[in-house]
Trainee: 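This structure is in structure tokens; I'll ask about it shortly.
Only heavy atoms go into these numbers, but all of them, side chains included; no hydrogens, no water, no symmetry mates. All chains are named by letter (A, B, ...) in the order of the sequence lines, taking the proteins before the strands, and each is independently numbered beginning at 1.
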There are 2 protein chains.
Amino acid sequence: MAEATIRDVASRAQVSVASVSRVLNGFEKVSQQTRERVAAAVAELGYVPHAAARSLSMARTHSIGVVLPDLHGEFFSEIVRGMDRVASERGYLLLLASLHVGSPLGTSALRALRGRVDGAMVMAPHLGEEELAATLPPGVPIVLLNTRGQEGRHPTISLDNAAGASAVAEHLLALGRKRVIHIAGPLGNADAQERAQAFAARLTQCEGVTLETVEGDFSEQSGEAAVATLLHSNQPFDAVFAANDNMAIGALQALRQAGRQVPEAVAVAGFDDIPMARHLGLTTVRVGIAELGEHSLSELLDTIEGRGAPPASTLHPVELVVRTTTGQP
Amino acid sequence: MAEATIRDVASRAQVSVASVSRVLNGFEKVSQQTRERVAAAVAELGYVPHAAARSLSMARTHSIGVVLPDLHGEFFSEIVRGMDRVASERGYLLLLASLHVGSPLGTSALRALRGRVDGAMVMAPHLGEEELAATLPPGVPIVLLNTRGQEGRHPTISLDNAAGASAVAEHLLALGRKRVIHIAGPLGNADAQERAQAFAARLTQCEGVTLETVEGDFSEQSGEAAVATLLHSNQPFDAVFAANDNMAIGALQALRQAGRQVPEAVAVAGFDDIPMARHLGLTTVRVGIAELGEHSLSELLDTIEGRGAPPASTLHPVELVVRTTTGQP
DNA sequence: ACGCAACGTGTAACCGGTTACATGTCTCAA
DNA sequence: TTGAGACATGTAACCGGTTACACGTTGCGT
């Protein structure tokens, strides 16, 4: 037995398909009798409207594409949680499309969004300007997250990486640290670059403070490896700032394994404030990831629903959170 | 300028829409010339096929609905990560629909899946049998996760909760613990029930061992509150088994705050093995959450694509992981 | 030279909804 | 009595793809 269609419902209720559609969509001008007959037929047949058909004729899907890079753990779940809150509140579903770094299939998935979503949130801090412009689907409203180079074309929401990184620098200087290590994110990543740059800018203003930057890939493992290498080379250092919490956590493990006291011998700070940071007492930069997701999706839905165009580009504020890895043990 | 349609491409390439469709879908019997003209027209117009239209005529969406309860943090991201791996590998997108506990809108979201997805993964351990049967959309292939009462109707994949809980019981007994607390999950939750039941079954076989069970709601906070209450009432205990890691982590915090030594004074164990458990040294039951997601989605895709029907019901194995909260400090 | 098959292509129906417009009925004022 | 207007309802076109079927060419064997 195939699924019931609106015509089945119409013939069963002895009315036209137009009337059925009107009843289902809460249209005003329908008689009480028609309304009841349709309701009865719908219940008897267990009828559910077919979303694809509706989308086609209404040019509306009530879905939003969420395009994210391979995200590590908690950042991912937090941002999706925030988006899900506003999506379900406003009657949308989220279509997840992860953009596997370096995979050509990933970018084609982006184009496949046409006719599937009413708009998309795209986070692609690792893509270059031209590369990105080429893969964005035409005709779909888009809000970009932490993605550089499209500010003129699409509304863009970014973290205030510079403010966060300089706050950390300030904090480490106030603690009197002199030999500082920065574990940066991947080279092509815009967030990573901004953090590294602002951090370096603040530190090099000070006499007698050295900074060395090494590259990681945002994974815990890469943070651990970076610190292990440094320890192995016998280079002295008394502070580590990792470009995200995952790498900071890796760094903590390497230090603990080597028996270095945190924060006495080495102060450690991260970026993001993922939930785990609180448990480990990690000093970090609080981003409010879920709020970032909420805020950006709200903005996208507003433009889709025509409630005024959003500003071209906004900065999401961040805040330094001092915990035990730089304070009291 | 509106979006180009297949008819625009056809007229530009001076062929019929059928030919365009054949070229785009890699159909064999097309002349070289036609192929080239279509390719040129597609490129010039920046044409991208409209997914809703294609879905409607093919009765195929290449999307999978993922229906999850309000999940706490890492469990959520892990299971989605696993599903995303197989989805993107096999050319599907994931449509996220979170089932907010107690929200009537949530269940309607489930019906809205018709025409939007080719199948759905549903995880609803908090729903009763009839309630569930009423909200499941008809005519959509479904695999259930950790959800009881539909085994005859839909393939169901569940965790081996009993094995995990009795392994923990065994372990605590081997350590010589005598006064045991179990922080259970919510009453209506099937996983929670199975864990509590198996745990109790093993412990009550032993003379001289007492067990008290208190109820939590799977949140970290509820675990913390439960232990705080127990400490406050001066009731003695030397072991806590929480029905998930989140609550176990809350319990650890309450114990630390009260100055109780873990594991000397109180041994603590959880369930799930979320990534944070490793960092905190938490003894727990490893579930392989991402693998669970991979495995269940593969099974769903197999049935959708007709590669043999899956068994009615399978158990996902689990494994005890002993760390410092029950072993050496 | 003829018939037939294989092949490439085009026409139009179809998927399941929405909705502009036409139609029929009823009420009420002139 | 008649005509206008309000209202409920039905008919059919449309959204943008896919595909069954019909059609015209070409090449082959006899």
Side-chain angles (χ1 to χ4, degrees), chain A residues 2-38 41-42 45-63 111-118 137-140, chain B residues 2-38 41-42 45-63 111-118 137-140:
Chain A
E3 292 288 299
T5 74
I6 198 174
R7 301 183 213 262
D8 298 330
V9 175
S11 72
R12 175 141 229 206
Q14 312 222 48
V15 298
S16 72
V17 293
S19 292
V20 176
S21 179
R22 290 196 266 260
V23 170
L24 262 43
N25 295 313
F27 199 78
E28 291 289 322
K29 304 302 177 54
V30 185
S31 75
Q32 189 59 29
Q33 194 198 35
T34 305
R35 205 180 296 278
E36 284 164 9
R37 295 169 90 158
V38 170
V42 164
L45 294 171
Y47 170 74
V48 180
H50 192 281
R54 200 201 285 259
S55 297
L56 182 55
S57 66
M58 306 235 291
R60 212 68 202 309
T61 64
H62 285 275
S63 311
R111 305 198 85 82
L113 254 38
R114 161 157 133 98
R116 237 185 239 284
V117 299
D118 296 335
V140 177
Chain B
E3 292 289 299
T5 74
I6 198 174
R7 303 188 212 259
D8 298 331
V9 175
S11 71
R12 178 146 241 229
Q14 313 220 48
V15 297
S16 71
V17 293
S19 292
V20 176
S21 179
R22 295 202 248 297
V23 170
L24 263 42
N25 296 312
F27 200 79
E28 292 287 325
K29 302 300 178 53
V30 185
S31 75
Q32 189 59 28
Q33 195 197 32
T34 304
R35 205 179 297 277
E36 283 164 9
R37 296 169 89 159
V38 170
V42 164
L45 295 172
Y47 170 74
V48 181
H50 193 282
R54 200 201 286 258
S55 296
L56 182 55
S57 67
M58 306 233 292
R60 213 67 203 309
T61 63
H62 284 277
S63 313
R111 306 197 84 83
L113 254 38
R114 159 153 135 100
R116 239 184 235 286
V117 300
D118 296 335
V140 176

Trainee: As a quick check of understanding, evaluate side-chain contact (heavy atoms from CB on, under 4.5 Å) for A:V140 and A:L113, giving each step before the final call.
Mentor: CA-CA 8 Å; A:V140 177; A:L113 254 38; 5.5 Å; no
Trainee: Does a donor on one side chain sit under 3.5 Å from an acceptor on the other, for B:R116 and A:S63?
Mentor: yes
Trainee: Listing request: all salt bridge (charged side-chain N to carboxylate O under 4.0 Å, His left out) pairs with a residue in residues 9-21 of chain A, at least two apart in sequence or in separate chains.
Mentor: A:R12-A:E44
Trainee: Could you list the donor-acceptor pairs under 3.5 angstrom formed between side-chain atoms of residues 47-57 of chain B and any protein atom two or more places apart in sequence or on another chain?
Mentor:
{"residue": "B:H50", "atom": "ND1", "partner": "B:A52", "partner atom": "N", "Å": "3.4"}
{"residue": "B:H50", "atom": "ND1", "partner": "B:A53", "partner atom": "N", "Å": "3.4"}
{"residue": "B:R54", "atom": "NH1", "partner": "B:N25", "partner atom": "OD1", "Å": "3.1"}
{"residue": "B:S55", "atom": "OG", "partner": "B:A51", "partner atom": "O", "Å": "2.9"}
{"residue": "B:S55", "atom": "OG", "partner": "B:R60", "partner atom": "O", "Å": "3.4"}

Trainee: Go through the structure and list residues passing side-chain contact (heavy atoms from CB on, under 4.5 Å) with A:S11, not counting sequence neighbours.
Mentor: none
Trainee: Taking the side chain from A:R22 and the backbone from A:K29, do they hold a donor-acceptor pair closer than 3.5 Å?
Mentor: no
Trainee: I need a per-nucleotide contact map over nucleotides 15-26 of chain D, read 5' to 3'. Cutoff is protein heavy atoms under 4.0 Å; write B for the base, S for backbone only, - otherwise.
Mentor: BBBSB-------
Trainee: Excluding sequence neighbours, so at least two apart, what forms side chain to side chain donor-acceptor pair (under 3.5 Å) with B:Q32?
Mentor: B:E36
Trainee: Heavy-atom contacts under 4.0 Å between residues 29-36 of chain B and DNA chain D, which residues?
Mentor: none
